[in-house]
Protein chains: 2
Amino acid sequence: MPIGLQVQRTAKALNRAFDQALAEAGGSLPTWLILLSLKTRRWETQRELAAAVGIEGATLTHHLEGLERHGLVERSRDPDNRRVMRVELTGEGEAAFLRLRDAALKFDRRLRAGLDEDDVDALRAALARLHANVSEAGAPR
Amino acid sequence: MPIGLQVQRTAKALNRAFDQALAEAGGSLPTWLILLSLKTRRWETQRELAAAVGIEGATLTHHLEGLERHGLVERSRDPDNRRVMRVELTGEGEAAFLRLRDAALKFDRRLRAGLDEDDVDALRAALARLHANVSEAGAPR
DNA sequence: TATTGTTATACTCTATAACTATA
DNA sequence: TATAGTTATAGAGTATAACAATA
């Protein structure tokens with residue numbers, strides 16, 4: 001079987017299972033990635049944040065609207081540069097982040113079952129290699 | 001970084017790159033998986049085929065409609081059991097399959113760059129482990 | 001003019017529920 | 001009644017293009 005096919009199938013299964021785990025904690029994959037990125041560091045612009053999550057700016061706007069509607073983030077214009085929006089977690093957003101983090105950590109433990117440290121390290125290295133192989137040359141445009 | 005997150009990110013990058021490679025060959029991931037399944041073996045029912053591809057029957061109908069509209073497959077009722085649809089590749093479907101297969105093989109070579117046989121085998125084993133870990137217990141309902 | 005973000009729109013993939021036709 | 005598949009509908013995620021506001 002082509003290795004790409006196996007990665008794809010595994011990823012599909014993982015994504016579905018992870019999505020379900022996040023849904024049970026009241027989230028989804030994109031919202032988790034966005035909350036995680038917001039907690040990990042401070043972004044100068046929404047576009048930077050979008051790039052970190054791997055989506056377009058307009059798509060991020062769409063998700064941020066949802067997060068704002070649910071009271072998880074607040075957006076305000078930067079007084080120094082009113083084109084820029086500042087995105088911040090609310091208290092409820094923090095709580096949601098913690099819930100989703102727990103779900104993610106629990107999922108990770110489940111994922112690691114039967115793999116020792118060396119296995120995981122080797123897996124990481126192989127994944128990084130695959131990632132590099134598709135990111136490099138062949139992604140023109 | 002959680003291993004799940006890394007798999008997810010790698011998978012996203014791979015899926016996008018693979019989708020692009022398939023699009024350049026005139027296909028998409030679901031159509032490729034369906035054509036591949038049709039060539040790999042004969043399925044008794046569409047539902048079996050859907051399960052092999054990892055989608056619901058209604059979703060498969062949707063894709064088969066598209067494939068039929070583009071002249072890649074033909075569907076006819078099984079005379080022995082008129083509830084059952086038989087799905088067959090047309091000549092054009094065969095040609096599309098070959099084009100997509102070439103694209104998939106080319107993609108796979110690109111993916112394997114910098115990995116030797118042992119690396120690939122280890123990767124396969126780790127992926128199988130991850131797949132099993134999410135398929136087993138934690139997928140109730 | 002260039003940059004930041006939003007709006008409008010649409011596409012793809014997916015699913016569930018109700019339905020048709022066969023058995 | 002049960003099974004195979006379709007239709008109708010919807011929702012999530014994504015993108016592009018046109019736009020408004022700001023610099």
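Values reported hereafter were calculated over all heavy atoms of this structure, with side chains retained and with hydrogens, waters and symmetry mates removed. Every chain is numbered from 1, with letters handed out A, B, ... down the list of sequences.
Here the P atom of nucleotide C:dT12 and the CG atom of B:L22 are 15 Å apart, to the nearest Å. Here D:dT14 presents its C1' atom at 12 Å from CD1 of A:I34, a figure rounded to the nearest Å. A straight line from CG of A:D78 to P of D:dA21 spans 19 Å, rounded to a whole angstrom. Between the CG atom of A:D19 and the C1' atom of C:dC13 there is a distance of 13 Å, rounded to whole Å. Note: CD (B:Q46) to P (C:dT22) measures 15 Å, nearest angstrom. If you take CG of B:D80 and C1' of C:dT22, they are 14 Å apart, rounded to a whole angstrom. Rounded to whole Å, the distance from CZ on A:R47 to P on C:dT3 is 9 Å. Separating the CZ atom of A:R75 from the C1' atom of C:dT6 is a distance of 9 Å, rounded to the nearest angstrom.
Interatomic distance, A:E48 CD to A:R41 CZ, rounded to the nearest 0.5 Å: 5.5 Å. To the nearest 0.5 Å, the span separating CD on B:E74 from CE on B:M85 amounts to 11.0 Å.
Regarding contacts with the backbone of D:dG13, every side-chain N or O of B:K12 stays at 4.0 angstrom or more from both OP1 and OP2. Considering only side-chain N and O atoms, A:T45 lies nowhere under 4.0 angstrom from the phosphate OP1 or OP2 of C:dT4. Residue B:R86 has no polar side-chain atom (N or O) positioned under 4.0 Å from OP1 or OP2 of D:dG5.
Ring-plane geometry between B:F97 and B:W32 is classed as parallel, the angle between the planes falling under 30 degrees on a 0 to 90 degree scale with a further cut at 60.
Between B:T61 and A:R77, the residue anchored nearer the 5' end of DNA chain D, judged by the nucleotide with its closest heavy atom, is B:T61. Heavy-atom distances to DNA chain C give each of A:E65 and A:N81 a nearest nucleotide, and the one nearer the 5′ end belongs to A:N81.
Side chain B:R83 to base D:dT3: a donor-acceptor pair is found below 3.5 Å. Donor-acceptor pairing under 3.5 Å, judged by distance alone, is absent between the side chain of A:R82 and the base of D:dT22.
Closest approach to the B:A58 side chain among D:dT16, C:dT16, D:dT14 is made by C:dT16 (side chain taken as heavy atoms from C-beta onward). Among the nucleotides D:dT14, C:dT22, C:dC13, the one closest to any side-chain atom of B:H63 is C:dC13.
By the criterion of side-chain heavy atoms lying less than 4.5 angstrom apart, applied directly or through intervening Ile, Leu, Val, Met, Phe, Trp or Tyr residues, B:I3 is grouped together with A:L33 in one hydrophobic cluster.
Looking at B:I34, B:T59, B:L72 one by one, the single match for side chain to side chain contact (heavy atoms under 4.5 Å, CB included) with B:L64 turns out to be B:I34.
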